[in-house]
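Basis for what follows: all heavy atoms, side chains included, without hydrogens, waters or symmetry-related copies. Computed from a predicted model, the values in this text were never measured in an experiment.
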Amino acid sequence: MRGTERFSLAGRTALVTGASRGIGQAIAVGLAEAGADVVAVARSADGLAETRARIEKLHRTCHAIAADVTRPDAFAAHLEALAVTGIVPTILVNNAGVEEVAPSTDVSEALWEKIVGTNLKAAFFVAQAFARPLLADERPGAIINLGSLTSAVGIPTATPYTASKSGILGMTRALAAEWAPTIRVNAIGPGYFRTAMTEGFYKSRNWQAAMLGKIPMRRFGELDDLVGVSVFLASEASAYMTGQIVYVDGGTLAAL
């Protein structure tokens with residue numbers, strides 16, 4: 001395999017969670033552009049319909065599954081049903097997540113469970129359900145977990161979120177060590193990207209100015225900025241890479 005062929009995902013199926021909007025939708029479409037068929041998962045059926053339409057315009061197959069990843073048994077049942085039809089994804093993008101800020105003294109147990117349960121616990125059990133058939137058949141696969149700048153640094157008033165994304169990095173390393181050489185497990189750490197989940201922050205011009213001052217490239221990330229690294233980590237171009245996190249942050253961490 002030579003040159004750009006290493007980046008081709010033709011003949012492979014990618015499972016993307018949180019694929020109805022934002023980062024998940026952008027990555028799902030990007031993987032389809034690289035040749036993959038996609039299993040798009042999210043709670044929003046309406047958003048999934050848009051994702052499916054965009055992927056099918058690329059003449060790739062998209063299976064849309066409206067499911068809650070925080071229910072591990074139900075989610076695993078969806079994958080088992082797909083396997084019966086002969087569809088076994090070999091790429092996973094663990095993207096589903098939530099964020100909510102609050103002073104740490106005000107964080108309730110319910111808020112902690114909501115954020116850590118979605119961002120970390122559910123991500124683990126999605127990875128487990130994805131990996132089982134591949135490990136049983138020794139079929140190569142790739143997992144891409146979505147971390148964050150908070151995988152590396154602490155953010156005031158975001159303790160549950162920071163804990164969950166630090167946990168994602170630890171989980172990535174542990175699974176990489178355990179599941180090699182069959183499944184490669186890496187992570188992406190996005191910097192500041194404007195999405196529906198983060199829109200509340202961007203409504204403040206003062207916040208935008210303060211954040212831009214921390215980013216050497218002097219701009220916020222655009223969703224397309226995450227597509228290339230996702231294709232790279234999913235493809236044979238990164239065949240000897242596992243247990244790593246790639247920060248896509250315009251130089252933010254480098255400047256700290």
Report task. Could you grab the distance from atom CG of Leu15 to atom CG of Leu92, nearest 0.5 Å is fine? Result -> 5.0 Å
Query raised in the report: Under 3.5 Å, side chain of Asp37 to main-chain N/O of Thr13, donor-acceptor pair present?
Result: no
Report task. Report the distance from atom CD1 of Ile144 to atom CG of Asn95, rounding to the nearest 0.5 Å. Result -> 10.5 Å
Query raised in the report: Would a 4.5 Å heavy-atom cut-off, applied to side chains only, mark Ile65 and Leu82 as touching?
Result: yes
Query raised in the report: Would you call the rings of Phe201 and Trp207 parallel, tilted or perpendicular, where under 30° means parallel and over 60° means perpendicular?
Result: parallel
Query raised in the report: Honestly curious: do Val88 and Val39 fall in one hydrophobic cluster under the side-chain, below-4.5 Å linking rule?
Result: yes
Query - Heavy-atom donor-acceptor pair, Ser44 side chain to Gly47 backbone, under 3.5 Å - result: yes
Query raised in the report: What's the verdict on side-chain hydrogen bond (donor to acceptor under 3.5 Å, both in side chains) for Ser104 and Thr159, showing C-alpha distance, side-chain angles and the deciding distance?
Result: CA-CA 6 Å; Ser104 292; Thr159 298; 2.7 Å; yes
Report task. Check ring-ring contact (aromatic ring centres under 6.0 Å, His included) between Tyr247 and all other residues, then give those that pass, not counting sequence neighbours. Result -> none
Query raised in the report: Do any N or O atoms from the side chain of Thr51 and from the backbone of Ala19 form a donor-acceptor pair under 3.5 angstrom?
Result: yes
Report summary line: To the nearest 0.5 Å, atom CZ of Arg184 lies from atom CD1 of Ile91 at 9.0 Å
Query - Pair Asp225 + Arg219, salt bridge at N-O below 4.0 Å - result: yes
**Report entry** Linked, directly or transitively: Val116 and Ile155 (ILVMFWY side chains, under 4.5 Å)
**Finding:** no
Query raised in the report: Under 3.5 Å, is there a donor-acceptor pair between the side chain of Gln244 and the main chain of Asn186?
Result: no
Query raised in the report: Just how far is it from atom CG of Asp68 to atom NE2 of His78, taken to the nearest 0.5 Å?
Result: 9.5 Å
Requested in this report: Show the numbers, then the answer: is there a side chain to side chain contact (heavy atoms under 4.5 Å, CB included) between Val231 and Leu31?
Outcome: CA-CA 6 Å; Val231 172; Leu31 297 182; 4.0 Å; yes
Query raised in the report: So, the side chain of Thr172 versus the backbone of Val185: is there a donor-acceptor pair under 3.5 Å, distance only?
Result: no
Query raised in the report: Same cluster for Val98 and Ile23 if Ile/Leu/Val/Met/Phe/Trp/Tyr side chains link at under 4.5 Å?
Result: no
Query - Verdict with supporting geometry, Phe75 and Thr70, side chain to side chain contact (heavy atoms under 4.5 Å, CB included) - result: CA-CA 8 Å; Phe75 181 81; Thr70 65; over 6 Å; no
Query raised in the report: Is the CE atom of Met241 crowded by more than 12 outside heavy atoms at less than 6.0 Å?
Result: yes
Query raised in the report: Aromatic ring centroids of Tyr202 and Phe220 under 6.0 Å?
Result: yes
Query - Any Leu149 side-chain heavy atom under 4.5 Å of Tyr192 side chain - result: yes
Query - Any donor-acceptor pair under 3.5 Å from Arg43 side chain to Val69 backbone - result: no
Report task. Start with the C-alpha gap between Val93 and Thr17, add the side-chain angles, then the distance that decides, and say whether side chain to side chain contact (heavy atoms under 4.5 Å, CB included) holds. Result -> CA-CA 6 Å; Val93 180; Thr17 67; over 6 Å; no
Query - Heavy-atom side-chain contact between Val107 and Pro160 under 4.5 Å - result: yes
Query raised in the report: Tell me, do Leu175 and Phe124 make a side-chain contact under 4.5 Å, heavy atoms counted?
Result: yes
**Report entry** Pairwise side-chain contact, Met171 with Asn145, heavy-atom cut-off 4.5 Å (strictly under)
**Finding:** yes
Query raised in the report: Under the 3.5 angstrom rule, does the side chain of Ser164 hit a backbone N or O of Tyr161 as a donor-acceptor pair?
Result: yes
Requested in this report: For Arg21, look at atom CZ and say whether over 12 heavy atoms of other residues, nucleotides or ligands are found less than 6.0 Å away.
Outcome: no
Query raised in the report: Is the shortest heavy-atom distance from the side chain of Arg132 to the side chain of Glu80 under 4.5 Å?
Result: no
Query raised in the report: Say you draw a straight line from CD1 of Ile188 to OG of Ser148; how long is it, rounded to the nearest 0.5 Å?
Result: 12.5 Å
Query raised in the report: Does Leu111 reach the side chain of Glu100, with side-chain heavy atoms less than 4.5 Å apart?
Result: yes
Query raised in the report: Would you say Lys165 and Asn119 make side-chain contact, with heavy atoms under 4.5 Å?
Result: yes
Query raised in the report: Are Glu199 and Lys203 ion-paired here, with the side-chain N under 4.0 Å from a carboxylate O?
Result: no
**Report entry** Exam field: side chain Arg60 to backbone Gly35, donor-acceptor pair closer than 3.5 Å
**Finding:** yes
Report task. Output yes when a side-chain donor or acceptor of Ser8 lies under 3.5 Å from a complementary backbone atom of Glu5, and no otherwise. Result -> no
Query raised in the report: Are Ile87 and Ile55 connected in a single hydrophobic cluster, I mean Ile/Leu/Val/Met/Phe/Trp/Tyr linked by side-chain heavy atoms less than 4.5 Å apart?
Result: no
Query raised in the report: Should Leu48 and Val29 be regarded as members of a common hydrophobic cluster, given that ILVMFWY residues are connected when their side-chain heavy atoms come within less than 4.5 Å of each other, either directly or indirectly?
Result: no
Requested in this report: Nearest 0.5 Å please: distance from the CG atom of Leu79 over to the CD atom of Gln128.
Outcome: 11.0 Å
Query raised in the report: Just by modelled atom types, is the Leu256 backbone N or O under 3.5 Å from a matching donor or acceptor in the Lys214 side chain?
Result: no
Requested in this report: Just do the side chain to side chain contact (heavy atoms under 4.5 Å, CB included) check on Trp179 and Ile143 with the steps written out, would you?
Outcome: CA-CA 11 Å; Trp179 290 347; Ile143 295 175; 3.7 Å; yes
